[in-house]
There are 2 protein chains.
Amino acid sequence: MMRQVNVAVLGAGTVGGGVVDAIRRNGRLMASRLGIELGVHRLVVRDTRKRRDFDTNGAKVGADWREAVVDPRTDIVVELVGGTTTAREMVLAALQAGKPVVTANKALLSAHGEELFAAAREGGANLYYEASVAGGIPIIKVMREALIGNRVTAAYGILNGTCNYILTRMRAEGAEFETVLKDAQRLGYAEADPSLDVDGIDALHKAGILASLAHGFWVDVKKVAAEGIRGVTPLDMDFSGRLGYTIKLLAAIKLEAPKAPARGGKAAKAGASGLRISVTVCPTLVPNHHVLASVSDVFNAVFVRGDIVGDTLYYGRGAGRNATASSVLSDLADAALDLRCGERQRLPPFVPHEEFGALMAPGDVVSSHYLRLSVTDKPGVLARIAAILAKEQIGISSVIQPEGHEGASVPLIFMLHHATRSAVDRALKSIRRLPVVTGEPALFRVETFE
Amino acid sequence: MMRQVNVAVLGAGTVGGGVVDAIRRNGRLMASRLGIELGVHRLVVRDTRKRRDFDTNGAKVGADWREAVVDPRTDIVVELVGGTTTAREMVLAALQAGKPVVTANKALLSAHGEELFAAAREGGANLYYEASVAGGIPIIKVMREALIGNRVTAAYGILNGTCNYILTRMRAEGAEFETVLKDAQRLGYAEADPSLDVDGIDALHKAGILASLAHGFWVDVKKVAAEGIRGVTPLDMDFSGRLGYTIKLLAAIKLEAPKAPARGGKAAKAGASGLRISVTVCPTLVPNHHVLASVSDVFNAVFVRGDIVGDTLYYGRGAGRNATASSVLSDLADAALDLRCGERQRLPPFVPHEEFGALMAPGDVVSSHYLRLSVTDKPGVLARIAAILAKEQIGISSVIQPEGHEGASVPLIFMLHHATRSAVDRALKSIRRLPVVTGEPALFRVETFE
């Protein structure tokens with residue numbers, strides 16, 4: 001028997017239009033695979049008089065989202081308006097009405113995830129959010145279903161297409177960040193205000209969601225400072241290339257060794273008896289031979305290491321009308337199947353199962369680093385910098401003072417051995433104070449994936 | 001409420017042991033995520049006296065599989081004995097008893113898929129087979145669930161880890177096929193009789209399953225001749241490298257343009273009104289910049305192009321105890337959830353939805369080719385070969401007669417423009433007849449992913 005499911009789509013922007021259009025194009029194919037027909041019976045828009053660049057395909061177009069949500073014929077609600085205010089009201093209203101919700105809104109999940117998950121529990125409805133992380137890549141399904149038998153020991157993500165596009169072109173053309181950013185803006189790959197993307201905030205939101213799913217406690221990334229790509233120069237691309245690396249904006253989620261048991265206190269208890277994970281988002285040197293290094297342009301990828309499956313990678317378009325629509329369709333199919341089978345929460349949107357999980361303080365995270373300084377070219381400079389690094393117990397694995405940079409100040413590049421970020425920051429603070437150090441130092445992580 | 005589900009594991013070999021071991025290690029983690037406890041209550045082995053290299057973890061160990069299947073306490077049956085005889089009986093018996101079955105057996109699915117799917121339908125039980133294709137890569141779930149809203153226009157797979165390991169080392173070391181094969185056998189990456197792997201048969205089985213899932217009709221690959229990697233030489237690796245390519249054993253599944261309507265006949269009808277797809281498995285030149293070129297060693301990857309999502313890639317270990325176990329655990333979780341929700345076939349194992357789908361005759365498949373000949377070094381040779389190619393309307397995009405190959409016979413390499421395989425085969429037949437052509441020609445596909 002074929003069953004009809006009515007979908008109310010809230011928001012007719014890029015993604016909303018993409019979803020309506022995709023259902024028009026492939027709705028019959030989906031129905032033949034699912035045994036369920038998905039129909040968009042309501043489309044909620046801000047301005048009903050505005051002309052659409054897509055066929056609304058018989059949906060009733062209106063401006064009143066509450067009406068669409070409470071409409072008894074509405075089986076599933078799709079929130080695609082973005083933002084964290086109206087979107088939050090929409091999702092809460094639908095869940096409270098016991099209606100399953102599909103959303104692509106990572107900012108909303110990042111800011112109000114726990115509230116929404118609770119509302120889903122109480123409303124007895126489910127919340128689906130495949131499209132919220134890495135666009136067309138089914139990473140949420142992979143984390144929750146495909147890898148359900150695995151403890152995720154590490155996950156690395158190229159989660160922002162704008163940054164990856166900019167870095168890819170900087171590397172290929174030796175171009176400056178600002179130049180490529182302007183192109184990206186012209187091409188629609190970057191917003192007029194690009195900070196959410198290029199400062200790593202968007203990637204951090206996504207990393208927080210992935211970390212929470214992987215480790216079973218809600219990871220609040222507010223405590224993590226994302227580092228964006230504004231500080232990456234052609235010089236850094238050049239040198240990291242010579243050293244055998246590519247620079248990517250990489251989100252790293254790692255299962256760290258438990259803290260040594262300390263006396264009392266929840267934190268100590270957490271560290272001792274629970275998981276300890278680290279989350280970082282910053283420009284990172286990735287070895288050229290690693291599969292993540294070959295992820296170019298606007299593409300995203302997530303590299304997941306499971307204790308059973310080993311290394312896996314998932315790659316695709318991280319944003320855009322169609323890639324996002326594809327993930328929304330996948331969620332709609334799951335929601336429709338769950339409705340048919342009468343289980344409102346076959347898989348709850350989030351299962352907190354690590355009571356004592358804890359996010360490591362950024363300063364305690366250990367890694368190798370790439371440090372580029374601009375110094376006055378005179379004797380003794382290297383010695384003074386080396387002394388400061390030695391004082392913080394930071395080993396130097398290599399130093400490059402490149403040829404052909406004559407003049408008042410020359411670049412000096414250090415590859416630093418494993419050290420805590422706080423040690424590196426302390427050293428950097430002293431190094432900055434040296435009168436021979438001119439201009440802003442660049443500090444990036446070096447990832448070996450071991 | 002926590003629910004207990006009893007699993008009977010049939011087969012205690014590499015994968016069977018891996019599954020029992022993985023459930024022992026991560027069973028509690030899975031239970032905390034699922035709300036269902038998976039317990040292996042029966043383990044069926046060939047020889048009950050044999051010592052196991054894994055903890056059977058309280059399972060009742062016996063040799064009688066029928067007893068384990070009919071045991072009323074058995075909720076889910078996992079078939080891991082391999083082969084197509086006893087395995088077939090086991091799966092049929094379980095499905096007929098209305099018990100969900102999880103299998104990793106691609107040979108069985110390839111040979112008896114339609115029979116098993118019918119038995120599942122009749123028995124009202126479900127058949128799960130994530131582990132049957134590409135080991136730890138959740139490609140079955142991706143094809144059936146994540147990409148459900150997409151028409152798959154093309155899919156390319158590196159589906160055999162043994163071949164990929166051999167080709168990777170041949171390229172890195174300039175080594176001969178036979179030399180690396182012996183190493184692979186010593187390291188356990190290749191069987192004593194390697195033909196199933198190196199002749200492309202295993203990859204073809206997997207390609208058939210993927211093609212069937214992608215296109216909604218059962219693709220019988222018996223009509224396709226897999227071409228293995230025995231004919232790949234260090235010379236080919238060297239030249240394809242110089243031309244900017246890497247040689248991979250690639251399975252290509254393409255949605256082809258519909259055939260021009262012909263007069264009557266089911267075939268014509270199929271071609272005209274239904275899908276036409278091509279499936280090929282052979283050594284293929286992949287551009288170095290393409291992400292599939294960076295898939296090395298024993299790793300597998302599947303590159304899927306959807307009409308909505310665009311290009312996506314899924315990468316991981318294609319075989320081995322643990323990678324395969326991870327996929328079995330994912331299937332067990334789905335099976336357990338389906339049991340709890342009381343839907344015996346939330347997603348049927350296979351949904352035939354393309355009545356008029358047809359597999360293109362191998363000879364009709366069009367592609368570019370790499371052709372390496374060994375010829376006697378005398379004037380006029382090139383002219384005679386070029387004439388034969390011209391007669392078959394096959395354009396030549398480049399010819400290389402490398403330096404430093406003096407002697408009776410020298411290598412001669414052609415890059416051929418798009419042509420049907422039958423045209424190329426006809427040309428090759430005439431070329432072979434030329435007295436100046438010595439030794440066996442090598443013919444590989446060239447894939448541009450356009």
Side-chain angles (χ1 to χ4, degrees), chain A residues 18 22-23 25-26 29-30 32-35 130 136-138 141-142 144-151 216 289-291 293-296 299 301 306-317 320 322-323 325-330 332-334 337-338 340-343 346-347 351 353-354, chain B residues 18 22-23 25-26 29-30 32-35 130 136-138 141-142 144-151 216 289-291 293-296 299 301 306-317 320 322-323 325-330 332-334 337-338 340-343 346-347 351 353-354:
Chain A
I23 291 177
R25 281 165 63 193
N26 287 357
L29 176 64
M30 281 183 78
S32 66
R33 289 168 169 169
L34 266 179
E130 182 63 78
I137 303 173
K141 186 175 274 288
V142 163
R144 300 170 65 202
E145 302 176 39
L147 301 181
I148 192 164
N150 287 263
R151 172 76 70 189
H289 59 74
H290 193 277
V291 63
S294 66
V295 176
S296 310
F299 281 88
D307 64 343
I308 307 282
V309 74
D311 291 348
T312 62
L313 177 104
Y314 312 90
Y315 164 100
R317 291 188 176 278
N322 291 336
S326 175
S327 287
V328 169
L329 292 186
S330 168
L332 279 171
D334 282 343
L337 287 168
D338 290 351
R340 186 178 69 188
C341 111
E343 263 221 5
R346 182 175 189 268
L347 279 173
V351 182
H353 57 77
E354 289 294 343
Chain B
I23 291 176
R25 283 165 62 191
N26 286 358
L29 176 64
M30 280 183 81
S32 66
R33 289 169 170 170
L34 267 179
E130 182 64 78
I137 305 174
K141 187 176 273 288
V142 163
R144 299 171 66 201
E145 303 177 38
L147 300 182
I148 192 164
N150 287 262
R151 172 76 69 188
H289 59 73
H290 193 275
V291 63
S294 66
V295 176
S296 307
F299 282 88
D307 65 342
I308 307 282
V309 75
D311 291 348
T312 63
L313 178 108
Y314 312 91
Y315 164 99
R317 291 190 176 278
N322 291 337
S326 175
S327 288
V328 170
L329 292 184
S330 168
L332 280 171
D334 282 343
L337 287 169
D338 290 351
R340 186 178 69 189
C341 112
E343 263 221 10
R346 182 176 189 268
L347 278 174
V351 182
H353 57 76
E354 288 295 342

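Hydrogens, waters and symmetry mates play no part in the numbers below; they use all other heavy atoms, side chains included. Since the model is a prediction, treat every value here as computed from it, not as a measurement. Numbers restart at 1 for each chain; the letters A, B, ... are given by sequence-line order, proteins then strands.
- In terms of non-hydrogen atom pairs under 4.5 Å with chain B, the most contact-rich of A:Arg317, A:Arg25, A:His290, A:His289 is A:Arg25.
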Starting from the C-alpha separation in whole Å, work towards a yes-or-no answer on ring pair (Phe, Tyr, Trp, His ring centres under 6.0 Å) for B:Tyr315 and A:Tyr315.
CA-CA 8 Å; B:Tyr315 164 99; A:Tyr315 164 100; over 10 Å; no
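- Using a 4.5 Å cut-off between heavy atoms, A:Arg144 does not touch chain B at all.
- In this structure, chain B has heavy atoms under 4.5 Å from both the backbone and the side chain of A:Ile148.
- Annotation: the span from B:Ser327 atom OG to A:Leu147 atom CG amounts to 8.5 Å, rounded to 0.5 Å.
- Contacts with chain A were tallied for B:Pro138, B:Gly342, B:Gly136; B:Pro138 has the most, counting heavy-atom pairs under 4.5 Å.
- Heavy atoms only, all atoms of each residue included: B:Arg33 and A:Gly149 are closest at NH1-N, 4.5 Å.
- Between chain B and the residues A:Leu337, A:Asp338, A:Val291, the most heavy-atom pairs under 4.5 angstrom are made by A:Leu337.
- In terms of heavy atoms, B:Arg340 sits closest to B:Gly35 at NH1-O, 4.2 Å.
- Proximity to chain B (any heavy atom under 4.5 Å) is shown, for A:Val309, by both the backbone and the side chain.
- In this structure, the side chain of A:Asp307 engages the main chain of A:Arg151 through a donor-acceptor pair within 3.5 Å.
- Between chain A and the residues B:Gly320, B:Gly310, B:Gly306, B:Ala323, the most heavy-atom pairs under 4.5 angstrom are made by B:Ala323.
- Note: B:Ser330 leads B:Ala333, B:Ser330, B:Gly316 in heavy-atom pairs under 4.5 Å with chain A.
- Top candidate by heavy-atom pairs under 4.5 Å with chain B, chosen from A:Lys141, A:Glu130, A:Arg346, A:Met30, is A:Arg346.
- No side-chain donor-acceptor contact under 3.5 Å links B:Glu145 to the backbone of A:Asp334.
- In terms of non-hydrogen atom pairs under 4.5 Å with chain B, the most contact-rich of A:Leu347, A:Leu313, A:Ile23, A:Leu332 is A:Leu313.
- For B:Ala22, the parts lying under 4.5 angstrom from a heavy atom of chain A are both the backbone and the side chain.
- Put simply, of B:Ile137, B:Val351, B:Val142, B:Asn26, the one with the most heavy-atom pairs under 4.5 Å next to chain A is B:Asn26.
- Looking at residues two or more places apart in sequence or on another chain, you find no side-chain hydrogen bond (donor to acceptor under 3.5 Å, both in side chains) involving B:Ser296.
- Note: B:Asn322 leads B:Asn322, B:Leu329, B:Val295 in heavy-atom pairs under 4.5 Å with chain A.
- Every residue two or more places apart in sequence or in another chain that forms a side-chain hydrogen bond (donor to acceptor under 3.5 Å, both in side chains) with A:Ser326 is listed here: B:Asn150.
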